[in-house]
Amino acid sequence: MNVSVVLFTSDLRVHDHPPLRAALGRGNAVVPLFVRDPAVARAGPAAPNRDAFLADCLTALDAGLRERGGRLVVRSGDPVDEVCAVVKEADADDVHMAAGCSGFARRREDRLRRALEADGRRLYVHDAVVTALPTGAVTPDGSDHYAVFTPYFRRWSRERLREPLAAPRVVRTPERIRSENVPARADVPAVSEGLAAGGEKEGRGLLTAWLARGADSYEEGHDDLAGDATSRLSPYLHFGAVSAAEVVHRARSRGGAGAEAFVRQLCWRDFHHQVLAARPDAAADDYRTRHDRWRRGKDADADLRAWREGRTGYPVVDAAMRQLAHEGWMHNRGRLLTASFLTKTLYIDWREGARHFMELLVDGDLANNQLNWQWMAGTGTDSRPNRVLNPVIQGKRYDPDGAYVRRWVPELAGLEGPAVHEPWKLTGLERARYDYPDPVVELADGLARFRHARGQDRDGAGD
């Protein structure tokens, strides 16, 4: 019996899964394998929300495989050691996996390839499993990646995406392969109360419902904080519970301005993956240095703590940070606002913000999290690196009646309309009614400090 191993990483699904289909096409049996790598936990902050969502996704993947006659094999340890052990147990001929974009993923692939080839086995790495297009599929003349989104989007839009693959009807897995228990969400402590349920079935159901009822209004409504018109598919894309290529195909089939705007946002995801694939150091280092001397010390630490706790005194910023704490997710406009506020109004290192987001975000994807933070900090690919988002202007623009703020900052629920965005304007006894802090910094002072640091001194309060 010919046996192949499929190593699942960030592709936890059975629909549109090129490695699984390729493995089934080569042999009579497949060992679907997931390795819990302790190096992943050591590499970053504790992330209980992602651990819980991962458990959901693995449970759903195991169920999907069992429906087809197979099962998921779970191991813990170094992925190269564990894969090689499973290969020997199964007497497998080859291993299939999805291509990664980070330096960590590339090193894992190289180590695994060398180990397998030394034993006379082969590793097949499949592109366009985690992203819609392979990370190196389109490049500009004279460079290995696009550093500006708009030209990348034009090229990306002209490329032909691979056709989605149906889920296999039958998966045969040898019974003799040892497996640990599939992780369970219930075993993960300190999970955000409002964390969504994970898994392929949940993700596909959400995609179908959103395309039917939400896509048409996406173009005009995706920045509406209270309207919450985004798809909320980002966690499922991050874990590969839904396929980026299939999502693009289905959105394009739906058609219309809303679906087109949504596809553009999916392209941003591919854009950041191709940047990180070409510049893996950008996960921790400035993509384009501005020679910042970020604030440090007691005052900066106090401001950072207020930002993390949603107690900055700027209601729309605090609302977004509290949504993050409760749901393990934040509206995209909120992400832009909170990142601009930390890096430019408070002038605190983007890495501090990125780390906090990675602790809580269920969709905490290295490429998108780090490079979006760099984009807002002005050290990334933004063509306007010194833009500053004014939280009052932005709050009134994207939460005009204050519904988003009142939901997440209930101590201000008694303030009606746009006045909720400027509670410091209340006076006397009226101000005393609200147990809400004064602003940690005057916006004009924060803006002047940032622009002076960047050599961009001029008047104004930001966008």
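Values below: every heavy atom of this structure, side chains too, minus hydrogens, waters and symmetry copies.
Of the charged side-chain nitrogens involved, at least one lies within less than 4.0 Å of a carboxylate oxygen, so that Arg75 and Glu89 count as a salt-bridged pair. The pair Asp399-Arg333 does not meet the salt-bridge criterion, since no charged nitrogen lies less than 4.0 angstrom from a carboxylate oxygen. Salt bridge status for Arg322 with Glu193: absent, with no side-chain N to carboxylate O gap under 4.0 Å. Ion pairing between Arg107 and Asp110 fails under the 4.0 Å rule for side-chain N and carboxylate O. A salt bridge links Asp16 and Arg162; the closest N-O separation between the charged side-chain nitrogens and carboxylate oxygens is under 4.0 Å. Between Arg122 and Asp93 there is no salt bridge, since none of the side-chain N atoms of the basic residue sits less than 4.0 Å from a carboxylate O of the acidic one. Note on Arg108 versus Asp37: no salt bridge recorded, every NZ/NE/NH1/NH2 to OD/OE distance being 4.0 Å or above. Checked for salt-bridge contact, Asp91 and Arg121 meet the test: a charged N lies under 4.0 Å from a carboxylate O. The pair Arg13-Glu246 fails the salt-bridge criterion, with no side-chain N (NZ, NE, NH1 or NH2) lying under 4.0 Å from an Asp/Glu carboxylate O.
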Candidate pair Arg351 and Trp294, rule side chain to side chain contact (heavy atoms under 4.5 Å, CB included), full reasoning:
CA-CA 10 Å; Arg351 281 159 281 250; Trp294 302 106; 3.8 Å; yes
Would you check, one step at a time, whether the test salt bridge (charged side-chain N to carboxylate O under 4.0 Å, His left out) holds for Arg407 with Glu327?
CA-CA 13 Å; Arg407 176 181 178 186; Glu327 295 187 353; 3.8 Å; yes
Derivation and outcome, side chain to side chain contact (heavy atoms under 4.5 Å, CB included), residues Ser102 and Leu276:
CA-CA 6 Å; Ser102 68; Leu276 188 65; 4.2 Å; yes
Under the criterion side chain to side chain contact (heavy atoms under 4.5 Å, CB included), I'd like the reasoning laid out for Glu82 against Arg36: C-alpha separation, chi angles, the key distance, then a yes or no.
CA-CA 10 Å; Glu82 295 303 323; Arg36 303 176 73 180; over 6 Å; no
Does Tyr146 form a ring pair (Phe, Tyr, Trp, His ring centres under 6.0 Å) with Phe271? I'd like the steps, not just the answer.
CA-CA 8 Å; Tyr146 276 93; Phe271 173 73; 8.1 Å; no
Worked verdict on Gln374 versus Thr379 for side chain to side chain donor-acceptor pair (under 3.5 Å)
CA-CA 5 Å; Gln374 291 223 48; Thr379 63; 2.6 Å; yes
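Glu200 and His15 form a side-chain donor-acceptor contact under 3.5 Å, judged by distance and modelled atom types alone. A donor atom on one side chain and an acceptor atom on the other are not found under 3.5 Å apart for Asp144 and Thr139. A donor atom on one side chain and an acceptor atom on the other are not found under 3.5 Å apart for Trp350 and Asp292.
Ring orientation note: the planes of Phe357 and Trp307 are close to parallel, at an angle under 30° on the 30°/60° scale. Between Trp375 and Trp268, the angle of the ring planes goes over 60°, which puts this pair in the perpendicular group of the 30/60° scheme. A parallel orientation is assigned to the rings of Trp156 and Phe153, their planes being inclined by less than 30° (bins at 30° and 60°).
Counting only heavy atoms from C-beta outward, the side chains of Arg71 and Ile177 approach each other to under 4.5 Å. In this structure, Val6 and Val31 have side chains that are not in contact, with every pair of non-hydrogen atoms separated by 4.5 Å or more. Side-chain contact between Glu260 and Glu219: absent, with no pair of heavy atoms (C-beta onward) separated by less than 4.5 Å. Put simply, the side chain of Leu65 does not reach to within 4.5 Å of the side chain of Thr173, judged on heavy atoms. Taking 4.5 Å as the limit, every side-chain heavy atom of Met97 sits out of range of all side-chain heavy atoms of Tyr124. Residues Arg111 and Asp78 meet the side-chain proximity criterion, which asks for heavy atoms closer than 4.5 Å. Counting heavy atoms from C-beta on, the side chains of Val14 and Glu67 never come closer than 4.5 Å. Counting only heavy atoms from C-beta outward, the side chains of Leu116 and Val95 approach each other to under 4.5 Å.
Other residues, nucleotides and ligands place no more than 12 heavy atoms under 6.0 Å from the CG atom of Asn181. Within a 6.0 Å radius of CZ in Arg454, more than 12 heavy atoms belonging to other residues, nucleotides or ligands are found. The local environment of CZ in Arg213 is sparse, with at most 12 non-hydrogen atoms from other residues, nucleotides or ligands closer than 6.0 Å. Counting non-hydrogen atoms of other residues, nucleotides and ligands closer than 6.0 Å to CZ of Arg264 gives a total above 12.
Geometric assessment of Arg295 against the ring of Tyr347 yields a negative cation-pi assignment under the 6.0 Å and 45° thresholds. For the pair Arg232 and Trp210, the cation-pi test (distance below 6.0 Å, angle within 45°) is failed. For the pair Arg335 and Trp329, the cation-pi criterion (under 6.0 Å, within 45° of the ring axis) is fulfilled.
Remark: aromatic rings of Tyr404 and Tyr398 are distant, center separation not under 6.0 Å. Aromatic rings of Phe8 and His17 (six-membered ring for Trp) have centroids within the 6.0 Å cut-off, being under it.
Closest of all the heavy-atom pairs between Arg185 and Gly198 is NH2-N, 4.0 Å.
None of Arg290, Arg387, Arg288 except one satisfies the salt bridge (Lys or Arg N to Asp or Glu O under 4.0 Å) rule with Asp382; the exception is Arg387.
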